[in-house]
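Remarks on the structure that follows.
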Amino acid sequence: MMLPKENRVTIMTERIEIAYLQETDYKERMEQTVKPYLSRYQKSGTFTSFDGTQIFYCMYLQEGARGNIVISHGFSEFMEKYEEVIYYFLQAGYSVFIPEHRGHGRSGRRLRNMEKVYVKSFAEYVRDLRIFVKKVVMPHRNEMILFAHSMGGAIGALYLERYPGDFQKAVLSAPMIQMKVGGVPYPVAMVIARICNSCGFGKAYAAGQRGFSKRRKFERSSCLSQERYLYAHEKRIQNKRCRTSGACYGWVCAAATAAAYVQTQEHIQRIRIPVLVFAAGRDHMVNTDEICRFAGKLRRARLVWFLDAKHEIFNAKERARLQFYEETLAFLREQGG
């Protein structure tokens, strides 16, 4: 099912026409066009990870797919947040696989409070993702592509360094090579977090973090597309399992440890595949200087800046969004990187 001509723009890549959603009537088009389209391909399930945690996933399979795209989502995100992204990837001819990271969405979590984000180590995320890739994705033999955003970008970078042979290409969208903290220098904030964690507050909200609020806070969000922000926010209101919101001190410490590992030159050199890295000029969630340093150390990377975009580049203004997908799809079709 495609959008009516008066309500769509197209991205032309190698003679493939992809219907692109505009801001106008976004929610209506998502419900009436995108979701029915996705349902034709969607299968969902769970798998048991290394420690017994149940991880929920969705996969969208099509015959003769160009490749398998695995999505590693960001902090406090969930599957529905990527419906539009998946829609474009499917139209471009790819099969798509997306797990909800532990502590997010419908996957298992350690804490009763489903609004807290907690993990002992990012290695847990990576082990979950590896099991998913091996058990669910790889049986569908095809080129393996990683698409990772924010926290998912940190998980993705760790994955590529530890298992360099699993993927043939990767796209890292505003990856959390190092988180951005406000008020105090990063090293000071990490010392405070580690003290709090060691004193038994690892499962408490970190300073400045809090639970989910139904109030709309578009101006403070990572989006520049209001309709896309409202669509995702409504999904969170409708489903309490999608209301993960604030990081615990334990998660902050785990993220800092992961950042140090990811940025080590010895580890970075293990990534030999082509990598497309996106950075946003108005990003208030991750340190863009560290993204640039990381990209500069990669063997085969291309860094693309979106100076007027916020953290969620795929939810930026129309011109940036269009460029984001054009860059991504062109990169995926490059032969041999």
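One-based numbering along the sequence shown.
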Supply the atom-to-atom distance [X] [atom1] to [Y] [atom2], rounded to the nearest 0.5 angstrom.
| X | Y | atom1 | atom2 | answer |
| --- | --- | --- | --- | --- |
| I69 | L146 | CD1 | CG | 10.0 Å |
| R162 | L129 | CZ | CG | 12.0 Å |
| D51 | R110 | CG | CZ | 6.0 Å |
| R106 | T46 | CZ | OG1 | 12.5 Å |
| K120 | R102 | NZ | CZ | 10.5 Å |

Under 3.5 Å, is there a donor-acceptor pair between the side chain of [X] and the main chain of [Y]?
| X | Y | value |
| --- | --- | --- |
| T53 | G108 | no |
| E100 | G105 | no |
| E23 | Q226 | yes |
| K297 | I268 | no |
| K169 | L332 | yes |
| D25 | E28 | no |
| H267 | E161 | no |
| K310 | S221 | yes |

Hphob cluster co-occupancy, I155 + F294, side-chain heavy atoms under 4.5 angstrom: yes
Single-linkage hydrophobic cluster I98~M151, side-chain heavy atoms < 4.5 angstrom: no
D166-Y159 side chain donor-acceptor pair, cut-off 3.5 Å: yes
Worked verdict on V137 versus M144 for side-chain contact (heavy atoms from CB on, under 4.5 Å): CA-CA 9 Å; V137 186; M144 296 287 292; 3.5 Å; yes
Candidate pair K81 and E312, rule salt bridge (charged side-chain N to carboxylate O under 4.0 Å, His left out), full reasoning: CA-CA 11 Å; K81 185 101 179 255; E312 295 178 11; 2.8 Å; yes
Donor-acceptor list for residues 55-62 side chains, cut-off 3.5 Å, not counting sequence neighbours:
{"unit_1": "Y60", "atom_1": "OH", "unit_2": "Q42", "atom_2": "OE1", "d": "3.3"}
{"unit_1": "Q62", "atom_1": "NE2", "unit_2": "L90", "atom_2": "O", "d": "3.0"}
{"unit_1": "Q62", "atom_1": "NE2", "unit_2": "Y94", "atom_2": "O", "d": "2.6"}

E83, Q91, Q32 screened by side-chain contact (heavy atoms from CB on, under 4.5 Å) with Y37, the one that passes: Q91
side-chain contact (heavy atoms from CB on, under 4.5 Å) partner of V119, the single match among H101, R109, E124: E124
Apart from Y205 itself, residues in the same hydrophobic cluster as defined by side-chain heavy atoms under 4.5 Å: none
Remaining members of the apolar cluster that contains L224, side-chain heavy atoms under 4.5 Å: none
Audit row: Y118, Y249, side-chain contact (heavy atoms from CB on, under 4.5 Å) steps and yes/no: CA-CA 8 Å; Y118 172 80; Y249 279 114; over 6 Å; no
Where [X] and [Y] come nearest, the two heavy atoms and their spacing:
| X | Y | result |
| --- | --- | --- |
| A256 | M179 | N-CE, 4.2 Å |
| V181 | V184 | CG2-O, 3.6 Å |
| N197 | G202 | OD1-CA, 3.0 Å |
| G246 | Q209 | CA-OE1, 3.5 Å |
| A193 | V252 | CB-CG1, 3.8 Å |

N-O pairing of D308 and R282 below 4.0 Å: yes
Inter- and intrachain pairs under salt bridge (Lys or Arg N to Asp or Glu O under 4.0 Å), touching residues 232-253, at least two apart: E31-K235
For this output row, return yes or no: ring centroids of [X] and [Y] closer than 6.0 angstrom.
| X | Y | answer |
| --- | --- | --- |
| H104 | F78 | no |
| W251 | F75 | yes |
| Y82 | F314 | yes |
| H311 | H284 | no |

From CA spacing to verdict: side chain to side chain donor-acceptor pair (under 3.5 Å), S49, D128: CA-CA 6 Å; S49 195; D128 293 339; 2.4 Å; yes
From CA spacing to verdict: side-chain contact (heavy atoms from CB on, under 4.5 Å), L172, L276: CA-CA 6 Å; L172 303 181; L276 177 62; over 6 Å; no
Verdict with supporting geometry, T257 and S121, side-chain contact (heavy atoms from CB on, under 4.5 Å): CA-CA 8 Å; T257 300; S121 169; over 6 Å; no
Pairing residues for A259 by the side-chain contact (heavy atoms from CB on, under 4.5 Å) criterion, not counting sequence neighbours: Y186, Q263
Evaluation steps, side chain to side chain donor-acceptor pair (under 3.5 Å), between S107 and Q54: CA-CA 6 Å; S107 291; Q54 294 296 303; over 6 Å; no
Working for side chain to side chain donor-acceptor pair (under 3.5 Å), residues Y88 and E84: CA-CA 7 Å; Y88 299 147; E84 181 180 2; 2.6 Å; yes
Where at least one partner belongs to residues 133-149, residue pairs that pass side chain to side chain donor-acceptor pair (under 3.5 Å), sequence neighbours excluded: H149-S173
